[in-house]
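What you see is a predicted model; the values in this text were computed from it and never measured. Numbering starts at 1 and runs along the sequence shown.
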Amino acid sequence: MAVLLHRLGHSAYRHRKLVLGIWLFVLAALITCVSVFGGRLDDRFSVPGTESQRALDSLSKTLPEASGASAQIVFTAPEGHRVTEAPYTAAIARTVAEAEKAPQVTEVLDPRSSGAVSGDRTTAIVQVHYPVQNAQVRTSSVDAIEDAARAAEQDGLRTSVGGSVYSSKGVHVGPSEIIGVAVALLVLVVTFGSLLASGMALLPALIGVAVGLTGLLALTPAADISSTAVTLALMLGLAVGIDYVLFILSRHRQQLARGADPKESVALAVGTAGSAVVFAGVTVIIALAALSVIGIPFLTTMGLGAAGAVLVAVLAAITLVPAVAGFAGSRLAPKPGSRAARRAADAEGATGRTTMGTGWTKWVIAKPLLTVLAVAGVLVTLTLPVTDLRLALPDNGSAPHTATERKAYDTISDKFGPGFNGPLLVLAETDNGTAATSSRAGAQVAEELRTLKNVKAVLPPQSTSDPTQSVITVLPASGPDSVRTDRLVRDIREAATGLRGTTGATVAVTGTTAVNIDVSNRLSDSLLPFVAIVVGLSLLLLMVVFRSLVIPVKAAVGFLLSVGASLGLVVAVFQWGWLADVLGVPHSGPVVSFLPIILIGVLFGLAMDYEVFLVSGMREEWAHTGRARQSVVDGARHSVRVVTAAALIMFTVFAGFFPLDDSLIKPIAFALAVGVAIDAFAVRMTLVPAVLALAGRGAWWLPGWLDRFLPDLDVEGSSLQKAAPADREELEPVS
């Protein structure tokens with residue numbers, strides 16, 4: 001692999017105008033495709049094959065308004081008044097009339113006919129139904145509903161609008177994300193000591209992010225792409241894109257500082273550091289693509305979309321970096337006597353001074369057992385909250401307090417009960433017969449459902465266009481993200497067999513709440529198998545790279561500690577509400593159901609990234625000197641500074657998305673930011689050197705038979721580093 005990448009680096013350097021032109025042409029073509037053919041983002045959560053999804057698909061044909069999106073206009077009378085007073089009923093009636101004129105609306109239920117008036121007569125709800133899912137509801141329609149609601153405020157009513165039409169806000173690039181990129185640029189300036197080098201590091205990364213993002217958006221007419229998938233691709237593309245360029249460019253500048261020829265230097269950097277970049281990128285891609293085996297469409301698009309962004313970032317790093325370096329030539333070399341030149345000499349051990357990396361590593365391995373116990377103890381303590389982990393998909397109760405959907409959610413929960421925000425739909429189907437037979441069976445099912453625990457109310461059965469069907473709305477006594485509501489869904493399904501015998505109807509639970517519960521349960525069931533796959537993959541990959549048994553086991557354990565500590569902090573902040581006010585978290589409750597799997601997939605690749613860059617230098621020193629303990633110190637000298645900068649950049653990029661008022665993105669950004677910080681600084685830079693120092697020579701042992709069996713990927717580029725420059729030129733094809 002190193003030889004191929006070396007040739008690619010040479011070729012990209014020589015044909016730099018062509019390489020840059022191809023990237024810019026592809027970007028322009030994708031932007032054109034998005035502007036001309038781009039479709040809408042689809043934020044539906046579905047689980048094919050589940051009872052709730054099958055019933056919902058059936059209702060989409062026979063009763064679209066029940067299975068489609070909905071909005072709720074909530075009216076609250078002034079202090080000392082009731083919504084049933086004549087002026088207010090007239091204002092509500094006018095709002096209903098205006099809502100009926102909104103685009104796409106098929107049904108508007110007046111509270112007088114639906115009975116949606118609170119017991120104290122201070123609050124009423126107008127239900128608005130759409131025949132399509134949330135993703136198909138146009139913004140103009142929601143705006144029309146909000147305008148109709150605001151008109152009623154002139155009559156003294158307080159209004160708010162909620163419902164399922166409010167979902168994830170999708171891609172958003174604002175001040176916090178721009179600040180994140182600016183901080184990343186600052187880190188690059190400090191790392192390189194050069195504005196030119198920093199700008200050239202950022203340029204390929206930004207071009208790669210733009211290509212990856214527009215490529216994903218260009219697929220919207222042909223595939224269901226969620227807004228969360230696009231935002232995750234943007235987060236990952238920025239983070240790994242800058243990091244991968246940093247790894248290659250820093251190696252290139254170190255070699256230029258030693259007087260290397262620019263063309264040969266960039267080719268060697270792509271062949272060595274680029275090999276590690278490709279390996280790290282492939283591990284991230286594999287982990288993210290593995291999300292598709294879970295069988296949940298929106299998670300598949302998230303995984304594949306993010307994997308595509310990482311793939312583009314890798315391609316940009318190994319092609320655009322040498323091309324851009326070709327335009328700069330020798331100007332990227334640190335000036336003699338500059339701080340950057342001294343750092344390059346320090347990294348090579350030429351000055352004899354103690355670098356940040358060697359100083360930290362010496363301190364860590366001075367008492368390695370104490371270091372291991374201390375770090376492991378802290379991370380295990382941070383992991384303890386995971387024992388209370390609850391998963392669910394967010395609803396309007398997770399929105400900011402100032403948002404209209406959050407106001408509507410809180411008012412409904414207070415005046416009507418939390419279950420009104422998450423009703424269950426029970427589809428009762430008879431094998432044959434008339435509409436009267438189906439209606440009778442539906443009424444019997446409704447009576448039986450009223451006897452179940454945690455049921456607050458059961459509405460009369462509603463007929464559909466299919467005479468064998470009736471739909472019963474069940475209002476739980478608990479909220480949509482409550483464990484008690486999950487238990488009620490299970491109770492109804494367990495009672496289905498008995499209901500079939502007594503009523504002759506087949507019963508299925510569906511609706512948005514039931515679908516979300518099924519999604520969360522599927523993800524919970526998939527979590528441990530997915531962890532096993534990822535950990536097994538890490539053991540195999542690192543065994544191939546480092547020809548060792550201790551290093552893969554140590555890396556896997558460290559990865560599990562990083563994931564556990566990150567999830568523990570997520571539970572403490574987002575589920576328990578610790579520091580929620582300080583961090584601006586608007587709601588404490590269950591953790592986003594797909595966050596653990598996303599965190600595991602992303603953090604796995606990033607952990608392998610840092611592992612390779614740190615340990616490869618140590619292994620190289622061990623191969624040259626045979627001194628186990630000293631090789632840990634000398635190897636850290638090469639890479640700790642670069643890995644520190646990479647981790648800071650990645651942390652900053654992820655943290656830049658945390659201020660978003662999006663109930664899906666905020667916890668994911670938090671989890672990835674703290675996960676990167678914990679894995680890079682606590683595990684890779686502290687725990688790893690201590691474990692290697694404890695293991696001594698045994699850290700690099702591999703049975704001979706296994707060594708002969710495993711392929712040699714040459715991720716470190718040993719074959720290139722051992723070859724003389726003339727020999728490397730022979731690897732070049734004749735132009």
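- Using a cutoff of 4.0 Å between basic side-chain nitrogens and carboxylate oxygens, Glu153 and Arg158 are not scored as salt-bridged.
- Taking 4.5 Å as the limit, some side-chain heavy atom of Thr411 sits within range of a side-chain heavy atom of Thr76.
- For the pair Ser70/Val128, no side-chain contact is recorded, criterion being any heavy-atom separation below 4.5 Å from C-beta on.
- Val83 is not listed as a side-chain neighbour of Thr89, based on a closest heavy-atom distance of 4.5 Å or more.
- Atom CZ of Arg82 sits in a sparse spot, with 12 or fewer heavy atoms from other residues, nucleotides or ligands closer than 6.0 Å.
- From Thr300, atom OG1 reaches atom CG of Leu288 across 12.0 Å, with rounding to the nearest 0.5 Å.
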(message) Test side chain to side chain contact (heavy atoms under 4.5 Å, CB included) on Thr159 and Val74; report intermediate values, then the result.
(response) CA-CA 5 Å; Thr159 64; Val74 182; over 6 Å; no
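- Between Arg390 and Asp486, no side-chain nitrogen of the basic residue sits less than 4.0 Å from a carboxylate oxygen of the acidic one, so the salt-bridge criterion is not met.
- Contact check for Ser524 versus Leu391: side-chain heavy atoms found under the 4.5 Å cut-off.
- Annotation: the span from Thr512 atom OG1 to Leu56 atom CG amounts to 7.0 Å, rounded to 0.5 Å.
- Salt-bridge check for Asp120 with Lys415: passed, with a basic side-chain N closer than 4.0 Å to an acidic carboxylate O.
- Between Pro221 and Phe37, the shortest heavy-atom distance links the atoms CG-O, 2.8 Å.
- In this structure, the separation between CG on Leu488 and CG on Leu452 is 6.5 Å, given to the nearest 0.5 Å.
- Between the side chain of Thr503 and the backbone N or O of Leu499, at least one donor-acceptor pair lies under 3.5 Å.
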(message) For Glu98 and Lys101: C-alpha separation, side-chain torsions, deciding distance, then whether salt bridge (charged side-chain N to carboxylate O under 4.0 Å, His left out) applies.
(response) CA-CA 5 Å; Glu98 288 300 315; Lys101 300 175 185 177; 3.5 Å; yes
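- Expressed to the nearest 0.5 Å, how far CD1 of Ile517 lies from OG of Ser593 amounts to 11.0 Å.
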(request) Could you go through the side chain to side chain contact (heavy atoms under 4.5 Å, CB included) check for Leu427 and Glu429 one step at a time? (result) CA-CA 6 Å; Leu427 177 62; Glu429 294 183 280; 3.9 Å; yes
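- A salt bridge links Asp147 with Arg150: the distance from a Lys NZ or Arg NE/NH1/NH2 to an Asp or Glu carboxylate oxygen falls below 4.0 Å.
- Counting only distance, with no hydrogens or angles, the side chain of Ser413 and the backbone of Asp410 share no donor-acceptor pair below 3.5 Å.
- A donor atom on one side chain and an acceptor atom on the other are found under 3.5 Å apart for Asn454 and Arg484.
- When side chains are defined from C-beta on, Leu527 counts as touching Ile600, because their heavy atoms get closer than 4.5 Å.
- Using a 3.5 Å distance cut-off with no hydrogens or angles, the side chains of Gln575 and Asp388 do pair a donor with an acceptor.
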(request) With side chain to side chain donor-acceptor pair (under 3.5 Å) as the test, would you mind laying out the steps for Gln469 and Ser58 before giving the verdict? (result) CA-CA 10 Å; Gln469 290 182 342; Ser58 176; 3.0 Å; yes
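- Seen from the ring of Phe657, Lys666 does not count as a face-on cation partner, given the 6.0 Å and 45° thresholds.
- The main-chain N or O of Pro586 is found under 3.5 Å from a side-chain atom of His401 such that the two form a donor-acceptor pair.
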(message) Tyr166 vs Val161, test: side chain to side chain contact (heavy atoms under 4.5 Å, CB included). Steps then yes/no.
(response) CA-CA 9 Å; Tyr166 293 91; Val161 183; 3.5 Å; yes
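- Classification of Arg94 and Asp155 as a salt-bridged pair holds, one side-chain N sitting under 4.0 Å from a carboxylate O.
- Thr451 places no side-chain N or O within 3.5 Å of a backbone atom of Glu447 that could act as its donor or acceptor partner.
- Nearest heavy-atom pair, Leu216 versus Val230, reported as atom, atom and distance to 0.1 Å: CD2-CA, 3.8 Å.
- Contact between Pro418 and Pro480 at its shortest, heavy atoms only, is O-CD, 3.9 Å.
- The aromatic ring centres of Phe670 and Phe654 sit 6.0 Å or more apart.
- The shortest heavy-atom contact between Ala99 and Ile145 is CB-CD1, 3.9 Å.
- Here the straight-line distance linking atom CD1 of Ile73 with atom CG of Leu109 works out to 11.0 Å at 0.5 Å rounding.
- Between the OG1 atom in Thr95 and the CD atom in Glu100 there is a gap of 11.0 Å [rounded to 0.5 Å].
- Atom CG of Asp525 is surrounded by more than 12 heavy atoms from other residues, nucleotides or ligands within 6.0 Å.
- Residues Leu475 and Gly419 come closest through the heavy atom pair CD2-O, 4.2 Å.
- Of the possible polar contacts, none joining the Asn516 side chain to the Leu393 backbone as a donor-acceptor pair under 3.5 Å is found.
- Inspection of the Thr506 and Arg500 side chains reveals an N or O donor paired with an N or O acceptor under 3.5 Å.
- Of all the heavy atoms in Thr122 and His81, the pair that sits closest is CG2-O, 4.0 Å.
- A side-chain donor-acceptor contact under 3.5 Å links Thr485 to the backbone of Gly479.
- Gln462 places a side-chain heavy atom less than 4.5 Å from the side chain of Leu63.
- Side-chain contact between Asp518 and Gln53 is absent, with no heavy-atom pair separated by less than 4.5 Å.
- The side chain to side chain contact (heavy atoms under 4.5 Å, CB included) test with Leu449 singles out one residue from Leu424, Asp491, Val455, Val474, and that residue is Val474.
- Checked by atom type and distance alone, the side chain of Ser118 pairs as donor or acceptor with a backbone atom of Thr123 at under 3.5 Å.
- A donor-acceptor pair shorter than 3.5 Å cannot be found between the side chains of Asp466 and Thr464.
- Between the side chain of Ser141 and the backbone N or O of Pro103 there is at least one donor-acceptor pair closer than 3.5 Å.
- The shortest side-chain heavy-atom distance between Pro78 and Tyr88 falls under the 4.5 Å cut-off.
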(request) Report the C-alpha distance between Val507 and Ile492 in whole Å, list the side-chain angles of each, state the deciding distance to 0.1 Å, and finish with yes or no for side chain to side chain contact (heavy atoms under 4.5 Å, CB included). (result) CA-CA 8 Å; Val507 171; Ile492 296 174; 4.2 Å; yes
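- Arg450 places no side-chain N or O within 3.5 Å of a backbone atom of Ala457 that could act as its donor or acceptor partner.
- Judged by distance alone, with hydrogens and angles left aside, the side-chain atoms of Ser398 form no donor-acceptor pair with the main-chain N or O of Pro394 at under 3.5 Å.
- When each of Val571, Leu595, Leu672, Val674 is tested with Ser566 by the rule side chain to side chain contact (heavy atoms under 4.5 Å, CB included), just one qualifies, namely Val674.
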